[in-house]
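Down below is the structure, laid out as structure tokens.
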Number of protein chains: 2
Amino acid sequence: MAEPSIPRATAKRLPIYYRYLKFLLDAGKTRVSSTELSDAVKFDAATIRRDFSYFGALGKRGYGYDVESLLDFFAKILNQDTLTNVALIGLGNLGHALLNFNFHKNSNVRVSAVFDINQELINTIQSGVPVYDIKDMVNQIQDQRIEIAILTVPQSEAQATTDLLVKAGIKGILNFTPLRVTVPEKVRVQNVDLTNELQTLIYFIENYSEQSIN
Amino acid sequence: MAEPSIPRATAKRLPIYYRYLKFLLDAGKTRVSSTELSDAVKFDAATIRRDFSYFGALGKRGYGYDVESLLDFFAKILNQDTLTNVALIGLGNLGHALLNFNFHKNSNVRVSAVFDINQELINTIQSGVPVYDIKDMVNQIQDQRIEIAILTVPQSEAQATTDLLVKAGIKGILNFTPLRVTVPEKVRVQNVDLTNELQTLIYFIENYSEQSIN
DNA sequence: TGATAATTGTTTTTTGTTTCACAAATAAAT
DNA sequence: ATTTATTTGTGAAACAAAAAACAATTATCA
Ligand SMILES: NC(=O)c1ccc[n+]([C@@H]2O[C@H](COP(=O)([O-])OP(=O)(O)OC[C@H]3O[C@@H](n4cnc5c(N)ncnc54)[C@H](O)[C@@H]3O)[C@@H](O)[C@H]2O)c1
Ligand SMILES: NC(=O)c1ccc[n+]([C@@H]2O[C@H](COP(=O)([O-])OP(=O)(O)OC[C@H]3O[C@@H](n4cnc5c(N)ncnc54)[C@H](O)[C@@H]3O)[C@@H](O)[C@H]2O)c1
């Protein structure tokens, strides 16, 4: 990708812009201004314009942005034409919810393989996706060329499972366990710590008076 | 609360420190240094020392921090002695996972009331928690003095449900729907956008070479 | 066509956060 | 005791992001 390394904060907002633009297109809107976008996605209009400007002059002064062409542009940026397969490790409560949801419908991502130790699940198809024995994970991930994993095993298994994922050559892990796993530099970990989100929300409510957190 | 308004970035890390300190205490460790903490929670040691220093001089030079007293201190800061009841709105895939998990075991938070429109669920007890009709939500939330809600309804219902929550006087919403809901200033919304997390992770892997995101 | 309104793109300013680097304090070792 | 090792707490520097402000451009309408 030739993009001149956009700020991380901007990168995190891109899928949100993309999603809302898709909604606008479906709703038949042809143009949109940074102010309208701001109302919908709750980022400052100046922030939105700045974000877009990293990719060049996408809008038209006095007019706004053309929904369709902006959407096309973001589709390319976000590689929306290629479907990314991800592995789900640990098909318990949370794993089932995520699998059942399967991102696919609304995005370019889908869970294409599941791994677990539970013999009752192994070699079954769940929500259309095959469940494999964790013992076969390294081989399967390599054979299927999967680069991203969603980790929903018990905390006690988190580091050992991560080590296997690293061995399999995974590049990114969406980690739902509360353990901050250790990985080599080249592997990227995105932690989703739900207990922390909730506790932080409570702390903010009790100790701050002003608005939003994200 | 008397705390002199700690930086937001610090506040978000507090529950993570607390959790790890609890682990250390259980493991029988009596002292810990910022470097050891750094290895475990993956924040820079200087960041950790700076974070702690907002609350005063909690450590001892040449020694580190006393696990037990630091833990006690954070327990107070985070109000760990009082149990916070939260409402869960929408008992579908994700709602079930969260309810079943119920934060309680590891934290001072628990889901104490569930709301849904599904007649098969209404007036049943699920994972020990009563499920109420969404029609009774405003009254129930007020009667039970619940201030925090977890929102796991379909996106199409998100804004209408939020409006009800606001009417009920809720103070904070942990929003799992992809919609960026609109609320009055006084209400705090914490968005957990799982599709976005995954897409961002993929974007980072494809476009950046360096490490971590959080 | 010219005036007015809208809206971008970008420069500047402000705010917030992380990291460095080191003096001060303490512990441990000799 | 004195020296050597650690390790904190923090001022200052560096970095990153958000917001404000506004000139430039374009659309629209009289
Ligand atoms: N459920 C939630 O709402 C929730 C909320 C916050 C955090 N989490 C975290 O997410 C993780 C999963 O939570 P859950 O509630 O789904 O747990 P769970 O116990 O319901 O599911 C865990 C699954 O992992 C499988 N498993 C166990 N060891 C394994 C191994 N070595 N390899 C592969 N699979 C293995 C089990 O068979 C089970 O299917 C936990 O770390 C939990 O702390 C969950
Ligand atoms: N399941 C996931 O893994 C996942 C992942 C990302 C985002 N989400 C988001 O989380 C939300 C919930 O997802 P889900 O998979 O659990 O959906 P779901 O359809 O399984 O569950 C939705 C629940 O909400 C109830 N409901 C519907 N309308 C309601 C109303 N007006 N008031 C109260 N309850 C109502 C339904 O009866 C159902 O029980 C959705 O917005 C979804 O986009 C889910």
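Keep in mind it's a predicted model, so treat the numbers as computed, not measured. The chains referred to below are lettered A, B, ... by the order of the sequence lines, with proteins before strands, and numbering in each begins at 1.
A donor-acceptor distance shorter than 3.5 angstrom exists from the side chain of Gln159(A) to the backbone of Thr182(A), with no hydrogens or angles considered.
First and last contacts of DNA chain C with chain B, using any nucleotide atom under 4.0 Å from a protein heavy atom and ordered 5' to 3', fall at dT17(C) to dA28(C).
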Pair Val67(B)-Phe23(B), side chain to side chain contact (heavy atoms under 4.5 Å, CB included): steps then yes or no: CA-CA 10 Å; Val67(B) 172; Phe23(B) 165 78; over 6 Å; no
Could you list the donor-acceptor pairs under 3.5 angstrom formed by side chains in residues 165-175 of chain B, with sequence neighbours left out?
unit_1: Lys171(B); atom_1: NZ; unit_2: Glu147(B); atom_2: OE2; d: 3.2
unit_1: Asn175(B); atom_1: OD1; unit_2: Thr177(B); atom_2: N; d: 2.9
unit_1: Asn175(B); atom_1: OD1; unit_2: Thr177(B); atom_2: OG1; d: 2.9
unit_1: Asn175(B); atom_1: ND2; unit_2: Leu179(B); atom_2: O; d: 2.8
unit_1: Asn175(B); atom_1: ND2; unit_2: Asn191(B); atom_2: OD1; d: 2.9

Name the atoms and distances for all side-chain donor-acceptor pairs under 3.5 Å in residues 81-88 of chain B, with sequence neighbours left out.
unit_1: Thr82(B); atom_1: OG1; unit_2: Asn79(B); atom_2: O; d: 3.3
unit_1: Thr82(B); atom_1: OG1; unit_2: Asn79(B); atom_2: OD1; d: 3.2
unit_1: Asn85(B); atom_1: OD1; unit_2: Arg110(B); atom_2: NE; d: 2.8
unit_1: Asn85(B); atom_1: OD1; unit_2: Arg110(B); atom_2: NH2; d: 3.3

Just distance, no hydrogens or angles: give the donor-acceptor pairs under 3.5 Å from side chains in residues 90-103 of chain A, sequence neighbours left out.
unit_1: His96(A); atom_1: ND1; unit_2: Gly92(A); atom_2: O; d: 3.2
unit_1: Asn102(A); atom_1: OD1; unit_2: Val111(A); atom_2: N; d: 2.9
unit_1: Asn102(A); atom_1: ND2; unit_2: Val111(A); atom_2: O; d: 3.3

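The stretch residues 14-29 of chain B has no heavy atom under 4.0 angstrom from DNA chain C at all.
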Under 4.0 Å protein heavy-atom contacts per nucleotide of nucleotides 5-11 of chain D, with B for base, S for backbone only and - for none: -BBBBBB
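Nucleotide dA5(D) carries a syn base; the chi torsion (O4'-C1'-N9-C4 or O4'-C1'-N1-C2) is within 90° of 0.
Base-pair partner of dT26(C): not found among the strands shown (Watson-Crick or G-U wobble, both distances under 3.5 Å).
One can place CD1 of Ile48(A) at 12 Å from P of dA18(D), the figure rounded to the nearest angstrom.
For the side chain to side chain contact (heavy atoms under 4.5 Å, CB included) with Arg13(A), the lone residue among Ile48(A), Ile6(A), Thr47(A) that qualifies is Thr47(A).
Around atom CD of Glu68(A), no more than 12 heavy atoms belonging to other residues, nucleotides or ligands sit under 6.0 Å away.
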